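Note that the structure is a prediction, hence the values are computed from the model and not measured. Worth knowing before you read on, the calculation uses all heavy atoms, side chains too, and leaves out hydrogens, waters and symmetry mates. The first residue of the sequence shown is numbered 1, and numbering continues consecutively from there.
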Amino acid sequence: VADSSANPQRDPTRESRLQEFKKRRRTTITAIMQAADVHEPQMRQWRKDRLPEDSRMSLRIEDVLAGKTPLKPTGSF
C-alpha cells in the first residue's frame, strides 16, 4: 500500500532529478545553471516547481538534465 503522506508532486520531482544528475555527473548546481543559461532566482523557482514546464528557462534546465545541452568545461567562461 502506497504511503499517502509521500511527496504529492509528480515522481520523480524536479529536485530529485536535479540531485540525481548532480550526483551522477559529479557536478554542481552552478554548473547546471551556467549550461542552462539561467540565473539563481529562476533555478530556485524551477526547483520549487514554480516555473511553468513550458517556460524557456524550464526547457533549458530540462535539456541539461536530459543531456541535450552539455555542461560547460570546467574553467570556461
Side-chain angles (χ1 to χ4, degrees):
V1 176
D3 181 3
S4 60
S5 66
N7 191 342
Q9 297 177 353
R10 63 184 167 270
D11 191 29
T13 64
R14 288 176 173 184
E15 183 66 21
S16 66
R17 289 186 295 112
L18 176 66
Q19 295 303 326
E20 179 60 31
F21 181 87
K22 243 180 62 180
K23 182 179 173 184
R24 190 174 65 246
R25 297 292 301 269
R26 299 176 192 219
T27 193
T28 64
I29 291 173
T30 299
I32 295 166
M33 287 172 26
Q34 290 172 343
D37 195 24
V38 298
H39 296 283
E40 189 174 346
Q42 291 79 28
M43 178 59 94
R44 215 175 9 249
Q45 288 175 329
W46 180 85
R47 292 174 74 181
K48 294 179 180 182
D49 213 18
R50 294 184 184 150
L51 202 60
E53 289 181 18
D54 60 351
S55 77
R56 286 183 183 202
M57 292 183 199
S58 286
L59 295 172
R60 291 198 305 244
I61 294 166
E62 294 290 349
D63 283 350
V64 173
L65 298 183
K68 295 177 185 174
T69 301
L71 294 171
K72 296 180 179 180
T74 305
S76 68
F77 293 93

TODO: Give the minimum heavy-atom separation between Ser58 and Pro52, together with the two atoms involved.
DONE: OG-O, 2.7 Å
TODO: Could you pull out the closest heavy-atom pair between Ala35 and Pro70, with the gap in Å?
DONE: CB-O, 3.5 Å
Open item on the list: Atom CZ of residue position Arg50 - does it have more than 12 heavy atoms of other residues, nucleotides or ligands inside 6.0 Å?
Closed with: no
Open item on the list: With a 4.5 Å cut-off on side-chain heavy atoms, are Trp46 and Val38 touching?
Closed with: no
- [ ] Return the minimal non-hydrogen interatomic distance between Asp37 and Arg60, and the atom names on each side.
- [x] O-NH2, 2.9 Å
TODO: Working to the nearest 0.5 Å, report the span between CG of Leu71 and CZ of Arg26.
DONE: 14.0 Å
- [ ] For Thr27, enumerate each residue passing the side-chain hydrogen bond (donor to acceptor under 3.5 Å, both in side chains) test, keeping only those at least two apart in sequence or located in another chain.
- [x] none
Open item on the list: Nearest 0.5 angstrom please: Met43 CE to Met33 CE, how far?
Closed with: 6.0 Å
TODO: Mind checking the CD1-CG spacing from Ile61 to Leu51? Nearest 0.5 Å is all I need.
DONE: 6.5 Å
Task: Separation between NZ of Lys23 and CG of Leu18, rounded to the nearest 0.5 Å - done: 13.5 Å
TODO: Starting at CD of Glu15, measure out to CZ of Arg47 and round the result to the nearest 0.5 Å.
DONE: 4.0 Å
Task: Shortest non-hydrogen contact from Thr28 toward Ala31 - done: OG1-N, 3.0 Å
TODO: Not counting sequence neighbours, which residues clear salt bridge (charged side-chain N to carboxylate O under 4.0 Å, His left out) with Arg44? List them please.
DONE: Glu40
Open item on the list: Which residue in the set Lys22, Arg17, Arg14, Glu20 passes side chain to side chain contact (heavy atoms under 4.5 Å, CB included) when paired with Leu65?
Closed with: Arg17
